[in-house]
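In each ligand, atom 1 is the first atom listed, and ligand 1 is the first ligand listed.
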Amino acid sequence: MTIGIIGSGNIGTAFARRLASAGIKAAMSNSRGPESLKDLVRELGPLIKASTRDEAARADIVFIAVNWTKLPAALTGLPDWGGRIVIDANNPIEAPLFKPVNLQGQVSSEVVADLVPGAHVVKAFNHLRAEVLAGDPGADGGRRVLFYSGNDRAAKAEVAALIDRLGFAGIDLGSLAVGGKLAQFPGGPLPNQNLVKVG
Ligand SMILES: NC(=O)c1ccc[n+]([C@@H]2O[C@H](COP(=O)([O-])OP(=O)(O)OC[C@H]3O[C@@H](n4cnc5c(N)ncnc54)[C@H](OP(=O)(O)O)[C@@H]3O)[C@@H](O)[C@H]2O)c1
């Protein structure tokens, strides 16, 4: 099972840090090319390699963490998704104005799903601030909770297994329409709830 990351900012790096800590390989990319990631991947260790966006997008699981307005450009011109898994860690809001985007009644992951036709989208890794996500999920005497949602049962099971391997406690919130909405920022009740499952 290969993992690619599109977006090497706060959230992409937090995810990569957790993967590296758990001994899992990934290919990480951004808009500026692998050369610009040299220092970051050196810091993250040998399991995380710098790649092009296209290479990262060919993985079995593609983790996407890009500024909301840049998602269309970041996901344009990629090869067929063919049932592969996309983890949508994005929220429809952006610094510095933090003005909510008008999603015309859709949940944000449905908008992202339209940008990756044929992929099985699982929303996850979006409800905590990057610095919390980057930290040890076992640091507070239990396992830090991560929510996930999606419409494809098998894809959700794969992401649930990854969440578990990383040391988090995953909680399935159901479909994108239901769970995506609960975990979406802004609007949902779950963002920034830093919960720990004890026992
Ligand atoms: N920050 C948080 O605490 C937080 C928490 C939960 C969810 N989120 C969500 O996660 C997403 C990423 O947030 P962030 O804070 O990680 O943003 P960020 O630090 O600004 O990083 C964004 C990344 O997207 C990359 N990117 C932009 N356009 C691209 C393109 N055309 N092709 C490939 N990569 C491209 C950027 O590449 P370059 O480096 O080359 O510019 C950068 O690495 C957003 O949707 C945000 O709402 C953020």
Shortest protein contact, atom 15 (O) of ligand 1 (heavy atom only): N10 ND2, 2.9 Å

Aromatic ring pairing F63/F15, orientation class (parallel under 30°, perpendicular over 60°, tilted between): parallel

Ligand 1 versus L128: contacting region, heavy-atom distance under 4.0 Å: backbone

For I93, the ligand 1 atoms whose distance to one of its heavy atoms is below 4.0 Å: 47 (O)

Test of proximity, E131 against ligand 1: N or O pairs below 3.5 Å: no

Flag if over 12 foreign heavy atoms under 6.0 Å of CD, E35: no

Heavy-atom nearest option to atom 23 (C) of ligand 1, drawn from S108, A65, A183, G12: A65

Main-chain N/O of I5 paired with S29 side-chain donor or acceptor, under 3.5 Å: yes

Residue pair E94 / T69, side-chain donor-acceptor N/O under 3.5 Å: yes

Nearest heavy atoms of V101 and I93, plus distance in Å: CG2-N, 4.4 Å

Atoms in ligand 1 flagged as close to A74, the criterion being non-hydrogen separation under 4.0 Å: 29 (C), 30 (C), 31 (N), 32 (N)

Nitrogen or oxygen atoms of A130 and ligand 1 under 3.5 Å apart: yes

Within-cut-off N or O pair, S29 and ligand 1, under 3.5 Å: no

Ligand 1 atoms in contact with N67 (distance to a heavy atom under 4.0 Å): 17 (O), 18 (P), 20 (O), 22 (C), 24 (O), 27 (C)

Validation row: D88, I64 side chains within 4.5 angstrom (heavy atoms): no

Minimum-distance pair of heavy atoms, taken over all atoms of P79 and R58: CG-CG, 4.3 Å

Identity and distance of the protein heavy atom lying nearest atom 7 (C) of ligand 1: N91 ND2, 3.2 Å

Sub-3.5 Å N/O-N/O distance, G9 and ligand 1: yes

Heavy-atom nearest option to atom 26 (N) of ligand 1, drawn from T52, V66, D88: V66

Nitrogen or oxygen of S8 less than 3.5 angstrom from that of ligand 1: yes

Distance-only polar pair, side chains of S36 and N30, donor-acceptor under 3.5 Å: yes

Heteroatom proximity flag, R53 to ligand 1, N/O under 3.5 Å: no

G7, any N or O under 3.5 Å of ligand 1 N or O: no

Heavy atom of the protein closest to atom 8 (N) of ligand 1 (residue, atom name, distance): I11 CG1, 3.6 Å

Selection from S31, G33, P72, A56 by shortest heavy-atom distance to atom 29 (C) of ligand 1: S31

Any N/O pair N126/ligand 1 closer than 3.5 Å: no

Heteroatom distance test (K70, ligand 1): nitrogen or oxygen, under 3.5 angstrom: no

Within reach of ligand 1, part of A89 (heavy-atom separation under 4.0 Å): backbone

Heavy-atom pair of closest approach, residues V121 and V116: CG2-CG2, 3.7 Å

Flag side-chain contact, heavy atom, 4.5 Å: N192 against H127: no

Sub-4.0 Å atoms of ligand 1 with respect to non-hydrogen atoms of R129: 3 (O)

Side chain proximity check, V86 to H120, heavy atoms < 4.5 angstrom: no

Candidate pair N194 and R144, rule side-chain hydrogen bond (donor to acceptor under 3.5 Å, both in side chains), full reasoning: CA-CA 7 Å; N194 181 7; R144 196 176 321 289; 3.0 Å; yes

Closest heavy-atom pair and its distance - G150, L176: CA-CD2, 3.7 Å

For atom 39 (O) of ligand 1, the protein heavy atom that lies nearest, with its residue and separation: R32 NH2, 2.8 Å

